[in-house]
Amino acid sequence: MVKIGYARTSTTEQVAGLDAQIRDLEAYGCTEIFQEQVSSVQRRDELERVLKFVRKGDSLVVSKLDRLARSVPDLIKIIERLDEREASLTILDMNLDTKTPTGKLLLHLCSSIAQFEREIMLQRQREGISAAKLAGKYRGRQPTARAKSQQVLELYGQGLGASAIAKQLGISRASTYRIIAEIGPGEAK
């Protein structure tokens, strides 16, 4: 049996969390470790690679359940893919191994509870935002491109195109075009 690790953090700023996961996986005896820094709602290329890499008898090892699956249906799909390859899943912080029927049952129960907790948290967040809006205290996310309007206009005035401006300022081309369009047809180049 080969132990294959998978480590993931949501952002590149969470380097310490990724390092800790890798240390745990190495200490457990993982010979291969796939790692990525991407949100669970985005495409997870390394997860796809590891699911294609595992073979019969292998064990996919993760430090925590939330590093692997975003929801119960997502987890079920991952487990089905592991089952197709006759591989198992080990979650270190839960001391859980799906090679046993009890391990599979506990995994489904724990993932259901985790999804429930997340949905409750999101509901509370929505309620808090509603209350803040009613009190006039919620402003939402500040638009990043609008804050760079002056820079966009200066670069546009220097003859740069929208694509070059967007790349230089780290904003979208659509935002760049929107800001340029606000100048008005008489003032735009």
Check: Leu96 and Leu89 side chains under 4.5 Å, non-hydrogen atoms:
no

Given the rule that I, L, V, M, F, W and Y join up when any side-chain heavy atoms are under 4.5 Å apart, are Leu169 and Tyr177 in one cluster?
no

Checking the side chain of Thr9 only, and the main-chain atoms of Leu18 only, is there a donor and an acceptor separated by less than 3.5 Å?
no

For Ala145 and Ile179, the nearest pair of non-hydrogen atoms, with its separation, is O-CD1, 3.5 Å

Can you give the donor-acceptor pairs under 3.5 Å from side chains of residues 123-131 to other protein atoms, not counting sequence neighbours?
from: Gln123; atom 1: NE2; to: Glu127; atom 2: OE2; distance (Å): 3.3
from: Ser130; atom 1: OG; to: Arg126; atom 2: O; distance (Å): 3.3

Would you say Val2 and Phe53 are hydrophobically clustered, going by side-chain heavy atoms of ILVMFWY under 4.5 Å?
yes

On a heavy-atom basis, the closest approach of Asp24 and Ser63 is OD2-CB, 4.3 Å

To the nearest 0.5 Å, tell me how far Leu47 CG sits from Arg81 CZ.
7.0 Å

Do any N or O atoms from the side chain of Arg8 and from the backbone of Asp66 form a donor-acceptor pair under 3.5 angstrom?
yes

Donor-acceptor contact below 3.5 Å, side chain Glu46 vs main chain Glu36:
no

Rounded distance (nearest 0.5 Å) linking atom CG of Leu75 with atom OG of Ser112
9.0 Å

Using modelled atom types and a 3.5 Å cut-off, is there a donor and acceptor pairing between side-chain atoms of Arg44 and backbone atoms of Val38?
no

Yes or no on side-chain contact (heavy atoms from CB on, under 4.5 Å) for Ile22 and Gln35, after CA distance, side-chain angles and deciding distance?
CA-CA 8 Å; Ile22 292 169; Gln35 58 181 296; 3.3 Å; yes

Residue of the set Leu68, Thr98, Ile79, Ile91 for which side-chain contact (heavy atoms from CB on, under 4.5 Å) holds with Leu60:
Leu68

Minimum heavy-atom distance between Asp74 and Ala69, given as atom pair plus value
OD2-CA, 3.4 Å

ILVMFWY network linking Leu82 to Val62, side-chain heavy atoms under 4.5 angstrom:
yes

Is Asp83 salt-bridged to Lys104, cutoff N-O under 4.0 Å?
yes

Using 0.5 Å steps for rounding, measure from the CG atom of Leu153 to the CD atom of Gln150.
6.0 Å

Interatomic distance, Tyr28 atom OH to Thr90 atom OG1 [nearest 0.5 angstrom]
4.5 Å

Applying the 4.5 Å side-chain criterion to the ILVMFWY set and letting contacts propagate, would Phe34 and Ile78 be lumped into a single cluster?
yes

Between Arg173 (side chain) and Ala162 (backbone), is there a donor-acceptor pair under 3.5 Å?
no

Derivation of the side-chain contact (heavy atoms from CB on, under 4.5 Å) call for Arg55 and Arg85:
CA-CA 6 Å; Arg55 302 286 178 249; Arg85 294 184 167 273; 3.0 Å; yes

Hey, mind stepping through Gln151 and Ile165 against side-chain contact (heavy atoms from CB on, under 4.5 Å) and telling me if it holds?
CA-CA 9 Å; Gln151 292 171 290; Ile165 294 170; over 6 Å; no

Identify the heavy atoms of Ser59 and Met1 that sit nearest to each other, and give their distance.
CB-SD, 3.9 Å

Any side-chain to backbone donor/acceptor pair from Lys148 onto Ile171? Under 3.5 Å, distance only.
no

Are Ile4 and Leu25 connected in the hydrophobic side-chain network, where two residues link if heavy atoms are under 4.5 Å apart?
no

Residues, nucleotides or ligands: over 12 heavy atoms within 6.0 Å of Lys64 NZ:
no

Spacing of Arg23 atom CZ and Ile33 atom CD1 [to the nearest 0.5 Å]:
11.5 Å

From Thr102 atom OG1 to Leu107 atom CG, the distance as rounded to the nearest 0.5 Å:
12.5 Å

